[in-house]
Amino acid sequence: MSADPQPRVAIVMGSQSDAATMKNASDILDQLGIPSETRIMSAHRTPQRVMDYLATAEERGIDAIIAGAGLAAHLAGVVASHTMIPVIGVPMDGGPLKGMDALLATVQMPGGIPVGTMAIGKPGAKNAALLVAAFFARTDPDIKKALAEFRQAQTDAVPEVP
């Protein structure tokens with residue numbers, strides 16, 4: 001039995017309630033053959049877990065981090081401020097402002113600490129994985145082929161006539 005491939009992408013989220021949305025990112029990465037790992041860590045409730053995870057992420061081969069969080073949504077910014085690994089934020093929908101608070105918190109990073117920010121919720125999680133794949137496809141022919149096939153299948157699924 002072979003060992004699981006070394007993860008290249010970390011998918012982190014602020015709480016268990018974010019798992020169903022963030023699974024959309026891991027499903028896309030799986031489909032494209034990009035190994036990932038998923039962890040729950042909160043910028044506010046488990047800050048030491050965040051720091052411990054980031055301390056080894058780069059040396060373990062993590063090339064990109066997708067961070068999903070809702071409400072104050074500080075996770076992506078905290079992660080980005082403690083690593084040189086590119087971070088893509090996914091604001092979670094829900095809460096009293098239906099994800100707008102998370103979107104604004106994720107997108108409004110101070111100059112010097114970038115976080116790429118996707119749409120709120122499920123579309124954002126999917127697009128975060130596809131953006132990572134597009135970056136990796138620049139230097140990995142297998143991922144480029146898988147991404148091209150994904151896009152072609154997406155195109156083929158749209159009928160020309162109702």
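Worth knowing before you read on, the calculation uses all heavy atoms, side chains too, and leaves out hydrogens, waters and symmetry mates.
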Determine the minimum heavy-atom distance between [X] and [Y], stating which atoms define it.
| X | Y | result |
| --- | --- | --- |
| I113 | G77 | CG2-O, 4.1 Å |
| A105 | A72 | CB-O, 2.8 Å |
| H44 | P47 | O-CD, 3.6 Å |
| A67 | V87 | CB-CG1, 4.3 Å |
| A73 | T106 | CB-OG1, 3.6 Å |

In Å and rounded to the nearest 0.5 Å, what is the [atom1] to [atom2] distance from [X] to [Y]?
| X | Y | atom1 | atom2 | value |
| --- | --- | --- | --- | --- |
| L97 | L104 | CG | CG | 9.0 Å |
| E58 | T56 | CD | OG1 | 10.5 Å |
| T21 | D93 | OG1 | CG | 5.5 Å |
| E149 | L32 | CD | CG | 9.5 Å |
| D63 | I85 | CG | CD1 | 7.5 Å |
| L75 | M13 | CG | CE | 9.5 Å |

Are side-chain heavy atoms of [X] and [Y] found at a separation under 4.5 Å?
| X | Y | result |
| --- | --- | --- |
| F136 | V9 | yes |
| N127 | I28 | no |
| L29 | P35 | no |
| E37 | I62 | yes |

Qualifying residues under salt bridge (charged side-chain N to carboxylate O under 4.0 Å, His left out), relative to K23, sequence neighbours excluded:
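So K23 forms a salt bridge (charged side-chain N to carboxylate O under 4.0 Å, His left out) with D27.
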With clusters defined by side-chain heavy atoms of hydrophobic residues (ILVMFWY) lying less than 4.5 Å apart, directly or transitively, does [Y] cluster with [X]?
| X | Y | result |
| --- | --- | --- |
| V90 | L103 | no |
| L131 | M22 | yes |
| M92 | I66 | yes |
| I88 | L147 | yes |

Judged by atom type as modelled, is there a donor-acceptor pair below 3.5 Å linking the side chain of [X] to the main-chain atoms of [Y]?
| X | Y | result |
| --- | --- | --- |
| T83 | V79 | no |
| R39 | V50 | no |
| D18 | S15 | yes |
| R60 | P7 | no |

Mind running side chain to side chain contact (heavy atoms under 4.5 Å, CB included) on T117 and M109 for me, showing each step along the way?
-> CA-CA 10 Å; T117 305; M109 289 301 300; over 6 Å; no
task = Decide side chain to side chain contact (heavy atoms under 4.5 Å, CB included) for K126 and M118; before the verdict, give the C-alpha distance in whole Å, the side-chain angles of both, and the deciding distance to 0.1 Å.
result = CA-CA 9 Å; K126 286 182 169 184; M118 296 290 108; over 6 Å; no
Practice task
Decide side chain to side chain contact (heavy atoms under 4.5 Å, CB included) for V78 and M51; before the verdict, give the C-alpha distance in whole Å, the side-chain angles of both, and the deciding distance to 0.1 Å.
Solution key: CA-CA 9 Å; V78 168; M51 297 301 100; 4.2 Å; yes
Practice task
I would like to know whether D140 and R8 meet side chain to side chain contact (heavy atoms under 4.5 Å, CB included); could you show each step before the answer?
Solution key: CA-CA 12 Å; D140 186 318; R8 292 190 63 193; 3.9 Å; yes
Neighbour count above 12 (heavy atom, 6.0 Å) for F150 CZ: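 Counting neighbours around CZ of F150, more than 12 heavy atoms of other residues, nucleotides or ligands fall under 6.0 Å, so yes.
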